[in-house]
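Chain identifiers are assigned alphabetically (A, B, ...) following the order of the sequence lines, protein sequences preceding nucleic acid strands; residue numbering begins at 1 within each chain.
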Amino acid sequence: MKALLQDKLLPTTIVGSYPRALFLRGKVFPLTGPQSPEFPSFETRTLYRNAVALAIKDMTDVGLDVVTDGCQHYESDTDYEQGEIFHFYLDRLEGFRPYGSNLSAGHFHNIPVYRPTCVGPIGWVRPIFKPIVEAVVEQTDKPAKIQAAVGPATMSALIDDHHYGDIKALSMDLARALNQELKDITARGVGIVQFAEVLTFFDPADWVIDCINTAFEGVDAYKVIHRKASRVSPSCGARRCSRGCGTSTAT
Amino acid sequence: MIQYEMASHGYDDTDITAIKTIPGDKAFGIGVINGKDIVVESPETVAAGIRKVLGAVNPERLAVFTDCTLTGIKHIVAKRKLSSIVEGARIVRVELEGTR
């Protein structure tokens, strides 16, 4: 993206997700903890990779400068596709269990998606987005961007914490885990990484900024923070958030 | 880079004011496509949104995005929205390059 900005005015891309191919149904990645197999079957693996290929084809057809995986692992054939955003990444870290109370977030109340439930120290123990990255780099020579999860500060507000008792400690361990995952994604050939910090749950504070910087520290890729869902204001919005990115190595 | 949805907020002046405070060494990603709207934004609408943000961020720091997810709309609509991103950016790019 940095090179693109230097070489071309107004480079184009999408945040990440794109409608799912109709032949791909249900969950792609098993949610059975850090020991989950990458795919439940070779059939699912093939269907998933075909779906990613079609999403990239559409992006390439229209001439986007940067393509994504289209987040084809989201269950967008069902009413609750956003569950993948909250579960896929966390389920493959240490410290979580795959059930809990219903989630409420923003204007979504009591939806039948369980709150990620932290029951022990959070740790990165395996590559998580690896099958997603592999599906993308196999399909395109164009610059690719991976939207890697909800950020640690936002996620910490949604987690049911039975271990830390301190949202800052919880979010910082999440940030360290995300940092290892972002480095793994980058090592597999993706040059642009992104995560979402909605930040509607907090006044952006120094600990939130520390989380963002920790997640990005030492990651050799172009770094993007995706914000959404709330109108920013001069007093509590982009100014503070941008300071967070400004103090990191983000460019 | 900080990326932020703008189309679904109508390129609100409050947002434009906030964007002006982003440090000059950071790029900005403008969201020009509302994934919650089944009506496809025209390239001219996208171009108008980009022009408005160019009052706050110089073009060398600006990339063009969707607002957020596109999973809630039909495939045929989504692909046309992607096309509007590319065409809307192209309209403004030609204008900018014509002034140099």
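- When the shell of 6.0 Å around CG of A/Asp61 is examined, it contains more than 12 heavy atoms from other residues, nucleotides or ligands.
- With rounding to the nearest 0.5 angstrom, the CE atom of B/Met1 is 9.5 Å from the NZ atom of A/Lys145.
- Highest contact tally toward chain A, considering only B/Arg80, B/Glu87, B/Arg93, B/Lys81, is held by B/Arg93 [criterion: heavy-atom pairs under 4.5 Å].
- Counting non-hydrogen atoms of other residues, nucleotides and ligands closer than 6.0 Å to NZ of A/Lys142 gives a total above 12.
- Taking 4.5 Å as the limit, some side-chain heavy atom of A/Met59 sits within range of a side-chain heavy atom of B/Leu82.
- Heavy-atom pairs under 4.5 Å with chain A were tallied for B/Ala89, B/Ala78, B/Gly29, B/Gly72; the largest tally goes to B/Ala78.
- Using a 4.5 Å cut-off between heavy atoms, A/Gln194 touches chain B through its side chain atoms alone.
- Looking at B/Ile33, neither its backbone nor its side chain comes within 4.5 Å of chain A, counting heavy atoms on both sides.
- Screening A/Thr13, A/Leu64, A/Thr12 for a side-chain contact (heavy atoms from CB on, under 4.5 Å) involving B/Val64 leaves a single residue, A/Thr12.
- Proximity to chain A (any heavy atom under 4.5 Å) is shown, for B/Val92, by both the backbone and the side chain.
- Heavy atoms of A/Asp77 lying under 4.5 Å from chain B are absent altogether.
- For the set A/Ser17, A/Ser76, A/Gly63, the count of heavy-atom pairs under 4.5 angstrom toward chain B peaks at A/Ser17.
- Counting only heavy atoms from C-beta outward, the side chains of A/Pro19 and B/Lys79 never approach each other to under 4.5 Å.
- Around CG of A/Asp7, the count of heavy atoms belonging to other residues, nucleotides or ligands within 6.0 Å exceeds 12.
- Summarising the geometry, atom OG1 belonging to B/Thr66 is positioned 7.5 Å from atom NE2 belonging to A/His226; distances are rounded to the nearest 0.5 Å.
- Listed here is the closest heavy atom pair of A/Val224 and B/Phe65: CG1-CZ, 4.4 Å.
- With chain B as the partner, the residue from A/Val66, A/Asp58, A/Asp65, A/Ile14 showing the most heavy-atom pairs under 4.5 Å is A/Asp58.
- A 4.5 Å side-chain heavy-atom check between A/Leu9 and B/Glu60 finds at least one atom pair inside the cut-off.
- No donor-acceptor pair under 3.5 Å is formed between the side chain of B/Ser83 and the backbone N or O of A/Val62.
- Within a 6.0 Å sphere centred on CD1 of B/Ile38, other residues, nucleotides and ligands contribute 12 heavy atoms or fewer.
- At most 12 heavy atoms of other shown residues, nucleotides or ligands fall within 6.0 angstrom of atom NZ in A/Lys57.
- With a 4.5 Å cut-off on non-hydrogen atoms, B/Lys20 does not touch chain A at all.
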